[in-house]
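Structure record follows, encoded as structure tokens.
Note that the coordinates shown come from a computational prediction; the quantities given were computed from them, not determined experimentally.
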Amino acid sequence: MAAMTTIQLLHELRHVCYDSSLVDRLEERILDVDVLHVRVHLAQSDTFINVFYNLATDKTAFALVRDGRRIYGADNAKTGWHYHPFADPDQHVTCHEMSFSEFLRSVEIHLNP
């Protein structure tokens, strides 16, 4: 995801979310030259995905939140790319760079088995 602008990522998010029956709506919380923060509201009540991207630091984070708690996530903070599995979201499991499309697909599989 390196070298992607915040606008490019926002367009990608819109496109991916538009194709998902799980997504209710997007809420753009912060959009500037360096930082993008979007909340992707899902059809399930009290469930959303926070998307954070900082171009200047090349940090990306995706977090699936239900009832105020992260239940799944992926980011490249501190230890490089890793995910926080559904079974134990406090755990850090090393992984490859994850796109939002891949993250949302994992959420869809988990929420719609």
Residue pair [X] / [Y]: nearest heavy atoms and the distance that separates them:
X	Y	answer
Leu10	Leu36	N-CD2, 3.8 Å
Met98	Trp81	O-CH2, 3.4 Å
Cys17	Val40	SG-CG1, 3.8 Å
Lys59	Lys78	NZ-N, 4.3 Å
Asp58	Asn76	O-ND2, 2.8 Å

Heavy-atom side-chain contact between [X] and [Y] under 4.5 Å:
X	Y	answer
Thr6	Asp34	no
Val65	Arg69	no
Arg66	Leu111	yes
Ile49	Phe100	yes
Leu42	Leu64	yes
Asn50	His37	yes

Quiz prompt | Hydrophobic cluster (4.5 angstrom, side-chain heavy atoms) - remaining members for Val35 | solution =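 Other cluster members: Ile30, Phe52.
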Using atom types as modelled and distance alone, determine if a side-chain donor or acceptor of [X] lies under 3.5 Å from a backbone N or O of [Y].
X	Y	answer
Thr47	Ser45	yes
Arg70	Pro89	yes
Tyr53	Met4	yes

Self-check item: Which residues share a salt bridge (Lys or Arg N to Asp or Glu O under 4.0 Å) with Arg14, sequence neighbours left out
Solution: Glu28
Quiz prompt | Those residues that, when tested against Glu102, pass salt bridge (Lys or Arg N to Asp or Glu O under 4.0 Å) (two or more places apart) | solution =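 So Glu102 forms no salt bridge (Lys or Arg N to Asp or Glu O under 4.0 Å) with any residue.
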Practice problem: Examine Leu104 and Phe48 and state if one hydrophobic cluster contains both, with Ile, Leu, Val, Met, Phe, Trp and Tyr joined whenever side-chain heavy atoms are less than 4.5 Å apart. | Solution: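 Different hydrophobic clusters.
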Practice problem: Under the side-chain hydrogen bond (donor to acceptor under 3.5 Å, both in side chains) rule, collect the residues that match up with Arg25, sequence neighbours excluded. | Solution: none
Quiz item: Does Asp75 have any side-chain hydrogen bond (donor to acceptor under 3.5 Å, both in side chains) partners at least two apart in sequence or in another chain, and if so, which?
Solution: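 Listed in chain order: His82, His84.
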How long is the span from the [atom1] atom in [X] to the [atom2] atom in [Y], to the nearest 0.5 Å?
X	Y	atom1	atom2	result
Ser99	Phe62	OG	CZ	6.5 Å
Glu12	Ser101	CD	OG	7.0 Å
Leu22	Ile109	CG	CD1	11.5 Å
His92	Tyr83	NE2	OH	12.5 Å

Quiz prompt | Partner set under ring-ring contact (aromatic ring centres under 6.0 Å, His included) for Tyr72, not counting sequence neighbours | solution = Phe86, Phe103
Self-check item: Verdict with reasoning, His110 to Glu108, per side-chain contact (heavy atoms from CB on, under 4.5 Å)
Solution: CA-CA 5 Å; His110 182 78; Glu108 290 170 335; over 6 Å; no
